[in-house]
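Keep in mind the model is a prediction, meaning the values are calculated, not measured.
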Amino acid sequence: MSEEEVIHVADVSEGIGGDATAEPGSPVELPVVDVLTGRSFITGKSGSGKSNTASVVIENLLSNGFPVMIVDTDGEYYGLKEEYEILHAGADDECDIVVSPEHAEKLATLALEQNVPIILDVSGYLEEETANELLLEVVKQLFAKEKRMKKPFLLVIEECHEYIPEGGGMDETGKMLIKVGKRGRKHGLGIVGISQRPADVKKDFITQCDWLCWHRLTWDNDTKVVGRILGSKYASAVEDLGDGEAFLMTDWDESIRRIQFHRKETFDAGATPGLDDFERPELKSVSSDLVGELESISDEKERRESEIADLKQELEKKDRRIADLERELEEARDLSDMADQFAQALLGKAEAPYRGGGPSRAGVPERPDAGRPDGARDGDDAESGDQSVLKSYDEAVAATEERAQEADESGTDPAAESGASAADGGAEIDESDADAAGPAPESESGTPDDVDPVTRDDVAESALRFDDAIELGTREAVIEELRSRIEALPELSRGMLRHYRREGASDPVAAHIDAGGDGDSGHAYSRHRPIRRAGLIRHAGRGSYAYAVPDLVREAYADRLDEDQVDEIVRAVERVFVPPAELHYPPDADPADVEGEAGTEADDRTALEGADGATTEGDEAATEREGDSASAEAEESAEAGETGEAEPPTDPGLSDAARRFAERSER
């Protein structure tokens, strides 16, 4: 062999296990190819010289231009930089470059393709998982690249028992190192494992090794391993080996020799500190180009981490916003429930004058003063009637004020309650009713009450409007009213209403997306609010809402229409926002079945005429009552003309609503 094919690392030593064919002091040389591509194990107790042996082998390889990578678990190999230009990569500031798993491919490329020796210092990583992940990724890249390049390369692993333990619990990193030990040789990738406890190293690795160095061992478990592999006489002699002395077993010459390794020439960073001052030697630096390539990866990683941090911060802000909206939605639901109760109380009061009176005609209750002659209202009876009418409603208002006060004490917004009551009142109560009562009176504490008081004028206005709905609620008026509400909606809100029509019940975000909007809940609820305020949908519980147009039609006629008549009126209303093809076909119908336009204006007229033909006895009675009233008015006018007496003016102190109600009651 030429000098370039072998490295001189030790000399023959005297004692048990010596080479009988060589004199003590004879050189011991190792073939470079077998060292670079083979599998080896160096062991010995602390201070016996195992790290020095590894350093001597590495120094000889570097001197001959052969690349290596050292996995340094204790930060004791940087002394090699005193003599050699070697890249020190790790997590400390003393390293040439701080690396992470993202640098694994670049490190493997530098080592194999650019022949750069590397110290991979994992001693500075605070998280063991990070160090393991870095080593795993680097070894994977080396193994993958060597399958293609087949270049002799040596990987040195310090404290290998931490990665390939005998007792089990081996992770992915250990499995990858075992894979290199079994299959790396044919690709050109060699491995050296170093450990002070051979009993703790997986025997599958040790038995695969081509050459082994046994330095001084004293623990029984460790010497037993020597006895099983070398023989009993070596198990006893290994306890007496001197510093740097070892039994060397090699497969290429099938020998066991007792040798003395040379001392390393570079700075011994792993030596036990003494009383002398520690002087760090002058270390060689690597090319700035190499460091620059790795720093670009670090910069990219930092940029990504910064972007991730920004995204996380933005996500946290959105999460907080969602939590706030959910809390507001829950509060709105509570307020909506309270508002529903208030609205029902208001509606009950509006209907009270027509349901608490005397005999009825054709099923329609008369007002308490119906049938009395003009001006025949008894003062006491009127006062009693007014009080009985207002009593139940005033009690309901008082109860609602108590609930509003409780809500105010718990932090909810009383104004939201008033707005919710107007929104949830549906077709029966218009939002303007809440404004008719005027400004809210102040309580004893000087702050406005939570609920505006309801005056007698309000009661009269509500009663009159309910009476108009019964006597004048023709199909044309109902359809025109609902159509006007729908036509006043924004286009996207009408699209959401079409979604509710198809689905029956749904949530605002789904309706918004179906109508062509986005998934932003704030946008969805802002465009959902107009259709809810119009009473076209109603809260169905747990954040969902239901299509309410059919319910509005039924309520307008006090449930006096059958379902066919309701459907006809609903279709007439829906023509202002539903495409014709959808009116008579379900949403899941085959498009081929939908031909032409379903419905015409003639259908509207048919619906109106057919529905009007189904007028109940109550409608007829109302019409008859209007006729009687008109005749009575004519007679009164004639009498007034004959006598020359004019009709006395109405009390100017009454509101318009109360005046109309009083006039109708007197008639």
Query raised in the report: Which of these passes side chain to side chain contact (heavy atoms under 4.5 Å, CB included) with Ile164: Ile206, Asp200, Ile178?
Result: Ile178
Report task. Could you check Glu76 against Ser123 for side chain to side chain donor-acceptor pair (under 3.5 Å), going step by step and ending with a plain yes or no? Result -> CA-CA 9 Å; Glu76 59 185 23; Ser123 64; over 6 Å; no
Query raised in the report: Is there a donor-acceptor pair closer than 3.5 Å between any side-chain N or O of Glu245 and the backbone N or O of Gly242?
Result: yes
Query raised in the report: When you look at CD1 of Ile16, are more than 12 heavy atoms from neighbouring residues, nucleotides or ligands closer to it than 6.0 Å?
Result: no
Requested in this report: Describe, in one word, how the ring planes of His88 and Tyr78 are oriented to each other, choosing from parallel (under 30°), tilted (30 to 60°) and perpendicular (over 60°).
Outcome: parallel
**Report entry** Donor-acceptor contact present, side-chain Asp72 to main-chain Gly75, <3.5 Å
**Finding:** yes
Requested in this report: Would you indicate whether Lys151, at its atom NZ, is surrounded by more than 12 heavy atoms from other residues, nucleotides or ligands within a distance under 6.0 Å?
Outcome: yes
Query raised in the report: Where does the angle between the aromatic ring planes of Trp211 and Trp252 fall among parallel (under 30°), tilted (30 to 60°) and perpendicular (over 60°)?
Result: tilted
Query raised in the report: So His215 and Phe261, would you call those rings parallel, tilted or perpendicular, with 30° and 60° as cut-offs?
Result: tilted
Query - Heavy-atom neighbours of Asp220 CG exceed 12 at 6.0 Å - result: no
Query - Residues Asp324 and Arg327 bridged, charged N to O under 4.0 Å - result: yes
Query - Side-chain ion pair, Arg498 and Asp514, N-O less than 4.0 Å - result: no
Query - Residue of the set Asp222, Asp243, Thr43 for which side-chain hydrogen bond (donor to acceptor under 3.5 Å, both in side chains) holds with Arg216 - result: Asp243
Report task. For Asn52 and His262, indicate whether the former's side chain and the latter's backbone hold a donor-acceptor pair under 3.5 Å. Result -> yes
Query raised in the report: Say you draw a straight line from CE of Met249 to CZ of Phe41; how long is it, rounded to the nearest 0.5 Å?
Result: 11.0 Å
Query raised in the report: How about His499 and His512: are their ring centroids closer than 6.0 Å?
Result: no
Query raised in the report: Is there a donor-acceptor pair closer than 3.5 Å between any side-chain N or O of Asp520 and the backbone N or O of His523?
Result: yes
Report summary line: Here the gap from Tyr500 atom OH to Ser544 atom OG, rounded to the nearest 0.5 Å, amounts to 8.0 Å
Query raised in the report: Under a 4.0 Å N-O cut-off, is there an ion pair linking Lys175 with Glu172?
Result: yes
Query raised in the report: Going through the checks in order, is the side chain to side chain contact (heavy atoms under 4.5 Å, CB included) test met by His539 and Arg532?
Result: CA-CA 8 Å; His539 188 246; Arg532 185 181 178 192; 4.2 Å; yes
Report task. Check the pair Glu59 / Thr266 against side chain to side chain donor-acceptor pair (under 3.5 Å), numbers first and verdict last. Result -> CA-CA 8 Å; Glu59 287 176 350; Thr266 54; 2.6 Å; yes
**Report entry** Lys182 NZ: over 12 foreign heavy atoms closer than 6.0 Å
**Finding:** no
Report summary line: Of all heavy-atom pairs linking Ser13 and Gln260, the shortest is CB-N, 4.0 Å
Requested in this report: State whether the number of non-hydrogen atoms from other residues, nucleotides or ligands found under 6.0 Å of Asp93 atom CG is greater than 12.
Outcome: no
Query raised in the report: Are Arg148 and Glu113 within salt-bridge range, i.e. N to O under 4.0 Å?
Result: yes
Query raised in the report: Say you draw a straight line from CZ of Arg39 to CG of Asp34; how long is it, rounded to the nearest 0.5 Å?
Result: 11.0 Å
**Report entry** Partner of Phe66 by side chain to side chain contact (heavy atoms under 4.5 Å, CB included), out of Asn115, Asn60, Leu61
**Finding:** Leu61
Query raised in the report: Considering all heavy atoms of both residues, which atom of Ala515 and which atom of Gly495 are nearest to each other, and what is their separation?
Result: CB-C, 3.5 Å
Report task. Supply the atom-to-atom distance Asn64 CG to Ile7 CD1, rounded to the nearest 0.5 angstrom. Result -> 7.5 Å
Query raised in the report: Judged by atom type as modelled, is there a donor-acceptor pair below 3.5 Å linking the side chain of Lys81 to the main-chain atoms of Ile86?
Result: yes
**Report entry** From CA spacing to verdict: side chain to side chain donor-acceptor pair (under 3.5 Å), Tyr84, Ser63
**Finding:** CA-CA 8 Å; Tyr84 305 100; Ser63 297; 2.8 Å; yes
**Report entry** Spatial distance of atom OH (Tyr545) from atom CG (Asp507) [nearest 0.5 Å]
**Finding:** 10.0 Å
Query raised in the report: Are more than 12 heavy atoms from other residues, nucleotides or ligands located less than 6.0 Å from atom CD of Glu307?
Result: yes
Requested in this report: Decide if atom NZ of Lys147 counts as having more than 12 heavy atoms of other residues, nucleotides or ligands within a radius under 6.0 Å.
Outcome: no
Requested in this report: Give the minimum heavy-atom separation between Tyr77 and Ser55, together with the two atoms involved.
Outcome: CE2-OG, 3.6 Å
Report task. Considering non-hydrogen atoms only, spot the tightest contact between Glu85 and Pro117 and give its length. Result -> O-CG, 3.6 Å
Report summary line: OH (Tyr234) and OG1 (Thr223) are apart, to the nearest 0.5 Å, by 16.0 Å
Query - Closest non-hydrogen atom pair between Ser493 and Arg527, with its separation - result: OG-O, 2.7 Å
**Report entry** Donor-acceptor contact below 3.5 Å, side chain Ser195 vs main chain Arg197
**Finding:** yes
Query raised in the report: Near Leu311 CG, under 6.0 Å, is it more than 12 heavy atoms from other residues, nucleotides or ligands?
Result: yes
Query - Modelled atom types, side-chain donor and acceptor of Thr109 and Gln141, under 3.5 Å - result: no
Query - Nearest heavy-atom neighbours spanning Pro31 and Val6 - result: CA-CG1, 4.1 Å
Query - Main-chain N/O of Lys203 paired with Glu166 side-chain donor or acceptor, under 3.5 Å - result: yes
